[in-house]
There are 2 protein chains.
Amino acid sequence: MLRSCAARPRTLSALRAARGGAPRPARDPGPARRSFSTEKVIHKDHSLPNPSWSKDLRLLFDQFMKKCEDGSWKHLPSSECKVPQRIHSFKTYFLDSKPVKEDQLSQARPFTRSYEVGQGFEYAMFYNEDEKRTVCLFQGGPYLEGPPGFLHGGALATMIDTTLGVCTISCMGLFMTANLNINFKSPIPLCSVVVISSQLDKVEGRKVFVSCNVRSVDEKTLHSDATGLFIKLDPEKSLT
Amino acid sequence: MLRSCAARPRTLSALRAARGGAPRPARDPGPARRSFSTEKVIHKDHSLPNPSWSKDLRLLFDQFMKKCEDGSWKHLPSSECKVPQRIHSFKTYFLDSKPVKEDQLSQARPFTRSYEVGQGFEYAMFYNEDEKRTVCLFQGGPYLEGPPGFLHGGALATMIDTTLGVCTISCMGLFMTANLNINFKSPIPLCSVVVISSQLDKVEGRKVFVSCNVRSVDEKTLHSDATGLFIKLDPEKSLT
C-alpha cells in the first residue's frame with residue numbers, strides 16, 4: 001500500500017515529501033536502523049538540520065520546532081522505507097501508461113532528495129492540522145541555478161508542487177496535481193532561504209483547491225504566489 | 001553582457017537552455033576547445049546524443065536534424081562559456097535582492113544540466129523562426145522521480161519553463177517568467193521520452209504570451225498543456 005510506511009502520506013505529493021529521504025549512496029543517508037521488536041526499518045530523517053543549512057534555515061527550523069511543543073504544529077519527517085508493492089499499487093491508476101524497465105526503476109530517486117547534501121533541495125515541512133496549513137522552509141542549493149545567481153523557476157515550481165501536495169494531507173485518499181498556476185514576482189537569490197506558506201482553500205468532491213505564497217525570511221519580499229488543484233485518484237476516472 | 005557567448009540567448013530561459021552545458025566535473029563535459037584565431041572558447045554541446053539517450057530520443061533527434069537541412073528548423077545548442085560580467089549584468093535588474101556569496105556562486109550549475117549524464121534532464125531543442133515555435137525532445141532520468149515510477153511534476157514544470165522561455169527567443173531583449181499555468185493530464189513514466197511543443201501566441205508591450213503541450217512520442221497521450229507569460233526586464237519596472 002502506497003502509504004503504509006511514510007508519515008501521513010495521504011496525497012501523492014505528501015508521499016513525495018515523505019519519500020524524500022530514500023536511502024541512497026550519494027546523499028550518505030547513514031545506516032538504516034532496524035527495530036528488532038517490530039522488524040520495521042527506520043530510515044534517517046533528511047528534513048533535520050545538516051551542515052549545509054544556513055543560519056537562517058536553522059533559526060526558522062528551531063522556531064517551528066518550538067511551535068510543535070504545544071501540538072499545534074507538527075514536523076513532517078522526510079523519510080521512507082521501500083514498499084515493494086508501491087509501484088504496482090500506483091500503476092493501477094494508470095494502466096494504459098508505458099511500463100518502466102526494472103533496471104531503470106532500481107536507479108530511481110525522489111527528485112527533491114536526489115542531490116548530495118547542500119547542492120540541491122534542502123527543506124523541512126511543518127503542518128498545522130487545525131488551520132489546514134503547511135509551511136515549507138526551503139534553501140535552494142547552487143545546483144538549482146536558473147538566471148545567473150538566482151534560483152531556477154522550475155526548482156521553485158517543484159517545491160511549490162511538493163508543499164501544496166503536502167497541504168492536501170487533511171483529505172483522505174490518493175491525490176495528484178492536476179493544475180499549478182504560479183506567479184513569479186521576484187527572483188530568489190541562489191542559496192538563500194524562503195518560506196512557502198500554503199493552505200487548503202476548498203474541497204469539492206474529488207477536487208482539492210490549495211494556495212501558497214513564497215516569502216523571504218524577513219517577510220519583506222513576496223517572491224511568488226500560486227494556486228494548485230489536486231484530484232483524488234480514481235482508476236475509472238481521468239484527471240481532467 | 002548576458003548574451004555575448006551563448007547561441008541566441010535573447011531570453012533568460014533561452015539563456016538557461018544555452019547555459020546548459022556549463023563545464024563541470026560531474027557531467028564530464030570534455031575539454032573546452034579554444035579557437036586561437038578569435039580567442040573564443042567553444043564548449044561541448046550537451047544537447048547532442050549521448051549513450052543514455054533511448055532509441056526514441058535518438059530517432060526523434062534525427063528526424064528534427066533532418067528538418068534542419070532546409071533551414072526551416074534550427075537546432076539550439078546547449079553550451080556556454082563563462083561570462084564574468086553576466087551575474088553583475090543580471091543583478092542590475094534586481095538591485096534590491098540579497099547578494100549571493102562568491103563561494104556559493106563558484107559552485108553554481110545550471111539546474112537542467114546539473115546531473116550526471118542520463119540521471120536527470122536529457123533534452124534537445126529545435127526552433128522554427130517562421131512559425132515562432134520551439135520543440136523540446138525530453139527524456140527525464142531516474143533521479144527525477146515523483147509518484148512511484150513516474151516523473152515529478154516539478155521536473156516537467158522545469159522543462160516547460162525552459163521550453164517556453166526559449167520560445168520567446170523571437171523577441172528582442174531580456175525576458176523572465178512571470179506566470180506559468182500548467183495542467184497535468186496524464187503522468188509521464190520515468191525514463192520515457194516526451195515532446196514539448198511550444199509556440200508564441202501574442203506580444204503586448206513588455207509581455208510575451210506563449211503556450212505548449214506535452215505529448216508522448218506516438219502523439220497518442222497528451223500529458224500536459226501549459227501557458228506562460230514572460231516579461232521583458234526593465235530595471236525601473238517590476239515584474240508584476
Side-chain angles (χ1 to χ4, degrees), chain A residues 2 12-13 15-16 19 86-87 89-91 94 96-101 104-105 107-112 114-115 119-120 142-150 152-155 157-162 176-187 189-192 216 221 238-240, chain B residues 2 12-13 15-16 19 86-87 89-91 94 96-101 104-105 107-112 114-115 119-120 142-150 152-155 157-162 176-187 189-192 216 221 238-240:
Chain A
L2 261 168
L12 269 183
S13 294
L15 184 76
R16 286 176 205 143
R19 294 183 58 242
R86 66 188 178 85
I87 291 163
S89 298
F90 184 75
K91 275 189 66 62
F94 300 101
D96 57 341
S97 67
K98 195 179 161 187
V100 183
K101 290 175 188 165
Q104 291 171 327
L105 273 180
Q107 299 172 48
R109 292 187 189 178
F111 181 36
T112 61
S114 61
Y115 289 97
Q119 290 177 345
Y143 283 28
L144 309 184
E145 193 188 39
F150 291 88
H152 195 293
T158 298
M159 287 313 300
I160 285 175
D161 181 28
T162 303
M176 190 150 182
T177 319
N179 177 268
L180 278 182
N181 192 342
I182 306 174
N183 294 311
F184 298 90
K185 292 174 177 292
S186 173
L190 209 58
C191 303
S192 66
S216 57
T221 307
S238 75
L239 284 179
T240 50
Chain B
L2 264 170
L12 270 183
S13 294
L15 184 74
R16 286 178 205 144
R19 293 182 60 241
R86 68 188 178 87
I87 292 163
S89 300
F90 186 75
K91 274 190 64 63
F94 301 100
D96 58 342
S97 67
K98 194 178 162 186
V100 183
K101 290 176 187 165
Q104 291 171 326
L105 272 181
Q107 299 173 49
R109 291 186 191 179
F111 182 36
T112 61
S114 62
Y115 288 97
Q119 290 177 344
Y143 283 29
L144 309 184
E145 193 188 39
F150 292 87
H152 195 294
T158 299
M159 286 313 302
I160 284 175
D161 182 28
T162 304
M176 191 149 181
T177 318
N179 176 268
L180 277 183
N181 192 341
I182 305 173
N183 295 311
F184 298 90
K185 293 175 178 290
S186 174
L190 208 58
C191 304
S192 67
S216 57
T221 307
S238 75
L239 283 180
T240 50

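In what follows, every heavy atom counts, from backbone to side chain, and hydrogens, waters and symmetry copies are set aside. Keep in mind that this is a model prediction, so the values were computed, not measured.
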When rounded to the nearest 0.5 angstrom, what distance separates [atom1] in [X] from [atom2] in [Y]?
{"X": "T158(B)", "Y": "F111(A)", "atom1": "OG1", "atom2": "CZ", "answer": "5.0 Å"}
{"X": "M176(A)", "Y": "F150(B)", "atom1": "CE", "atom2": "CZ", "answer": "7.5 Å"}
{"X": "H152(A)", "Y": "D161(B)", "atom1": "NE2", "atom2": "CG", "answer": "5.5 Å"}
{"X": "Q107(B)", "Y": "C191(A)", "atom1": "CD", "atom2": "SG", "answer": "7.0 Å"}
{"X": "L190(A)", "Y": "R109(B)", "atom1": "CG", "atom2": "CZ", "answer": "12.5 Å"}

*If every non-hydrogen atom of T177(A) is compared with every non-hydrogen atom of F184(B), which pair is closest and at what distance?*
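Nearest pair, atom of T177(A) first, then F184(B): O-CB, 3.3 Å.
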*Looking only at non-hydrogen atoms, find the nearest pair between N179(A) and N183(B) and report the distance.*
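Shortest heavy-atom contact: ND2-OD1, 2.8 Å.
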